[in-house]
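A note on names: the letters A, B, ... follow the listed sequences, proteins ahead of strands, and every chain is numbered from 1.
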There are 4 protein chains.
Amino acid sequence: MTQHRAGPVRSEEARTAILTATGRLMSDRGYEGLTMEGVAQEAGVGKQTIYRWWSSKSALVAECLLEGFILPDHFAVPETGDLRADLTAWLDSLFQLLAEPRGDAILRALIAAAADDAEVGRRLRERLGGGSVIEDRLRRGIDEDDLRPDAPLTEITEALVGAVIIRALSREAVAPGASDRLVRAVIESSEPT
Amino acid sequence: MTQHRAGPVRSEEARTAILTATGRLMSDRGYEGLTMEGVAQEAGVGKQTIYRWWSSKSALVAECLLEGFILPDHFAVPETGDLRADLTAWLDSLFQLLAEPRGDAILRALIAAAADDAEVGRRLRERLGGGSVIEDRLRRGIDEDDLRPDAPLTEITEALVGAVIIRALSREAVAPGASDRLVRAVIESSEPT
Amino acid sequence: MTQHRAGPVRSEEARTAILTATGRLMSDRGYEGLTMEGVAQEAGVGKQTIYRWWSSKSALVAECLLEGFILPDHFAVPETGDLRADLTAWLDSLFQLLAEPRGDAILRALIAAAADDAEVGRRLRERLGGGSVIEDRLRRGIDEDDLRPDAPLTEITEALVGAVIIRALSREAVAPGASDRLVRAVIESSEPT
Amino acid sequence: MTQHRAGPVRSEEARTAILTATGRLMSDRGYEGLTMEGVAQEAGVGKQTIYRWWSSKSALVAECLLEGFILPDHFAVPETGDLRADLTAWLDSLFQLLAEPRGDAILRALIAAAADDAEVGRRLRERLGGGSVIEDRLRRGIDEDDLRPDAPLTEITEALVGAVIIRALSREAVAPGASDRLVRAVIESSEPT
DNA sequence: TTTTAACCGAGACGGTACGTCTTGTCTTATA
DNA sequence: TATAAGACAAGACGTACCGTCTCGGTTAAAA
């Protein structure tokens with residue numbers, strides 16, 4: 001017999017409205033400028049409904065990020081069989097995000113969120129490649145003999161992702177060919193001879 | 001701040017007290033938790049004295065950073081003649097900062113500050129190596145034939161600094177030998193054959 | 001043939017639990033501090049069950065009062081044949097209520113309820129004598145020649161009840177003999193010569 | 001509140017604006033309906049400016065009452081030499097207040113405030129006669145041989161004031177001649193033979 | 001020598017946002 | 001279909017800071 005309880009269930013409508021509003025306000029005003037009151041307003045929701053399910057601003061942003069309400073899903077790493085090309089394409093799509101009017105603001109807002117909330121930090125790293133997507137791609141590179149088996153996957157991943165973060169923080173335009181040079185510098189020494 | 005006289009010239013005493021208080025509160029409470037009111041209190045200073053000389057929290061933090069009230073000066077890159085060893089040592093000193101109780105908090109506070117203020121972003125990048133110290137060292141590496149003349153200095157620098165940032169944001173412990181692996185991965189392909 | 005209808009009927013158990021809880025919370029926390037959620041909790045009842053039968057906090061308190069869940073029933077006016085003694089005894093029992101630890105809180109809570117709800121106001125007046133118990137007793141005093149037929153019953157009643165209210169609001173201790181002096185002052189001029 | 005300069009001394013302008021707003025809102029919405037947020041809005045003042053100087057809603061109302069921002073000053077007891085006439089006139093002015101559209105609301109709001117704040121209770125009693133104005137008038141009545149020296153002043157006062165409170169709470173219209181009957185009933189037995 | 005102008009610590013001001021609490025309505029599942 | 005449980009939108013509560021503006025006092029340079 002299944003244990004049941006009486007009572008209403010969580011409103012998916014409210015949840016979605018809150019995450020959507022958070023995503024929009026995040027890119028409009030940044031992390032510091034994002035207010036719970038503003039989210040409640042924008043979502044047409046009582047503040048208590050937010051606090052019932054998320055304990056803090058950063059928890060809200062973390063889930064938002066995880067569910068793809070902030071960074072679009074197409075930051076997946078392509079897989080064409082050419083490792084260098086795939087990594088370069090992935091970096092390019094991120095650098096392009098930085099070049100867009102609001103793209104850099106969103107990314108910096110996420111960095112700020114990550115800086116004061118461990119959960120967001122971990123999520124951001126996963127989403128931007130660390131620990132999962134990029135590392136997986138590199139692992140398959142080993143399988144296909146594009147990389148040597150002893151390649152330092154973690155360090156390569158962090159070097160790539162970190163470079164994106166640095167660009168976001170320093171607000172400097174990305175020079176043409178940067179993706180290519182970066183991938184080559186980081187990968188080449190791990191390629192089979 | 002000790003009891004003293006006021007006067008129509010800028011009080012160095014007040015300035016120092018403010019920067020010191022900012023540094024302390026930055027590591028205690030992080031960037032978001034840092035308040036102008038708290039700085040004024042801690043420094044024994046009127047709020048207007050802060051606003052008279054700094055336009056915002058981030059301007060204050062930026063100067064604090066520039067003057068070495070936050071990150072100690074000894075993050076200079078060593079120069080022993082062995083490029084790899086120098087870079088590894090420099091990375092190690094940063095990773096060690098991250099391992100210290102408050103070191104990671106300070107660095108994350110700085111990242112948050114950089115994320116919402118362009119000036120802090122630039123300063124942080126300079127201080128952590130980008131654009132100056134690390135790049136200069138690499139350039140001297142070229143002079144001494146430790147690197148090929150066409151080495152992508154900017155990309156190498158950003159990969160190195162970015163990896164540190166990523167570690168700070170993800171709160172993951174640094175594996176032994178990480179500095180070495182990272183330096184090798186990033187440098188090797190640019191070393192003369 | 002008796003008319004029947006389908007479905008459950010109002011739960012007397014719930015009704016009683018609600019009124020009991022209201023009475024207890026009223027004396028614990030006062031009228032302002034009384035919350036519908038608290039009543040539901042204390043009574044083990046859904047909030048809707050309260051709102052289904054009572055339109056507001058004051059309606060709930062009004063019924064509570066009417067049904068004797070707040071002020072005990074023994075505030076009836078005694079009838080020994082001695083009008084002055086009866087009124088004095090009745091006043092004394094009220095002044096004694098005021099002297100008890102929670103008695104004054106309850107009475108003030110009721111006054112607050114009366115102040116913002118007309119229904120509670122009327123009920124309180126009835127219960128404390130106005131319009132019924134005290135006036136009835138006075139009327140019988142006329143019948144028994146303890147009062148002149150033209151005695152201003154309404155005014156006498158209000159003077160007596162009002163004095164109790166004033167004491168409750170001013171939180172001043174009642175001086176010994178106050179009941180007696182008050183009754184005498186208010187009654188004497190209406191006694192037969 | 002008009003646009004002006006602030007400074008490190010308490011702004012009389014702000015204080016007055018707050019008390020005025022409180023008085024107006026008190027009669028518009030009653031004590032329960034009076035909100036600190038509403039007062040701040042109406043007075044053109046930050047909420048903190050209210051909380052800096054008054055600890056609670058009731059403290060605010062208490063001062064409002066004391067300073068005559070709620071009940072007008074002309075509730076002084078007249079003094080024509082004729083005690084009965086003076087008391088009757090005073091009662092009439094209060095009953096007339098009750099008959100006015102907002103008069104009863106204000107008085108009930110004050111009663112509610114008094115019910116949950118001791119300070120307001122004491123102030124209200126003073127203002128409506130208890131302990132000072134009415135009792136003083138009665139004392140002068142003794143001096144002028146209108147009352148016997150042993151007249152129970154406190155009880156007479158409370159009977160008179162209490163009758164007004166009862167009327168306010170019960171929302172019943174005052175019958176013509178009520179003031180006169182009440183004064184006579186309460187006074188007569190204390191008049192010299 | 002006297003202004004006078006800018007500094008100082010302190011802190012009140014009008015505000016915004018916080019996170020909690022309560023209200024009264026609505027929804028779900030149980031009995 | 002009445003119930004207990006409880007999610008919901010709304011909005012008041014009292015607190016913490018924001019950045020601006022005086023206040024009264026000090027002190028160095030200009031008149």
Seminar exercise, completed: Residue pairs meeting salt bridge (Lys or Arg N to Asp or Glu O under 4.0 Å), one or both in residues 105-114 of chain B, sequence neighbours left out, come to B:Asp104-B:Arg108
Problem set entry | Listed once per pair and sorted, the salt bridge (Lys or Arg N to Asp or Glu O under 4.0 Å) pairs that draw on residues 46-59 of chain B, sequence neighbours left out | B:Glu37-B:Lys47
For this session: Go through the structure and list residues passing side-chain hydrogen bond (donor to acceptor under 3.5 Å, both in side chains) with A:Thr16, not counting sequence neighbours.
Result: A:Glu12
Problem set entry | B:Arg123: salt bridge (Lys or Arg N to Asp or Glu O under 4.0 Å) partners, not counting sequence neighbours | B:Glu119
For this session: Apply salt bridge (Lys or Arg N to Asp or Glu O under 4.0 Å) to A:Asp117 and list each qualifying residue two or more places apart in sequence or on a separate chain.
Result: none
State whether [X] places a side-chain N or O below 4.0 Å from either non-bridging phosphate oxygen (OP1 or OP2) of [N].
X       : N      : answer
C:Arg52 : F:dA2  : no
D:Thr49 : E:dG14 : yes
B:Arg10 : E:dA6  : no

Exercise. Hey, can you pull the residues of residues 26-44 of chain C with a non-hydrogen atom under 4.0 angstrom from DNA chain E?
Worked result: C:Leu34, C:Thr35, C:Met36, C:Glu37
For this session: Mind running a 4.0 Å heavy-atom check of residues 53-66 of chain D against DNA chain F and sending the residues that fall below it, in number order?
Result: none
Integer-rounded Å distance: [N] [atom2] and [X] [atom1]:
X       : N      : atom1 : atom2 : answer
C:Ile18 : F:dA2  : CD1   : C1'   : 12 Å
B:Arg15 : E:dC7  : CZ    : C1'   : 16 Å
D:Glu13 : F:dC21 : CD    : P     : 16 Å
B:Ile50 : F:dC21 : CD1   : P     : 17 Å

Problem set entry | Angle between terminal axes - the helix from E:dT1-F:dA31 to E:dA31-F:dT1, 5 pairs each end, rounded to 10° | 10°
Check side chain to side chain contact (heavy atoms under 4.5 Å, CB included) between [X] and all other residues, then give those that pass, not counting sequence neighbours.
X        : answer
D:Ala118 : C:Arg171
A:Ala14  : A:Ser11, A:Val45, A:Thr49
A:Ala17  : A:Ala43

Problem set entry | Polar pair under 3.5 Å, donor/acceptor by atom type, side chain A:Lys47, base F:dG11 | no
Exercise. Is a donor-acceptor pair below 3.5 Å formed from side chain A:Gln48 to base E:dC21, judging by atom type as modelled?
Worked result: yes
Exercise. Between B:Tyr51 and C:Val45, which has a closest nucleotide on DNA chain F that is more 5'?
Worked result: C:Val45
Show every donor-acceptor pair shorter than 3.5 Å between a side-chain atom in residues 25-35 of chain D and any protein atom, with sequence neighbours excluded, or say none if there are none.
from, atom 1, to, atom 2, distance (Å)
D:Ser27, OG, D:Arg24, O, 3.1
D:Asp28, OD1, D:Arg102, NH1, 3.3
D:Asp28, OD1, D:Arg102, NH2, 3.3
D:Tyr31, OH, D:Asp116, OD1, 3.1
D:Thr35, OG1, D:Gly38, N, 2.8

Problem set entry | Closest contact, heavy atoms only, C:Val120 versus C:Ser58 | CG2-O, 3.2 Å
Exercise. Are the side chains of A:Leu60 and A:Trp53 in touch, meaning some heavy atoms are under 4.5 Å apart?
Worked result: no
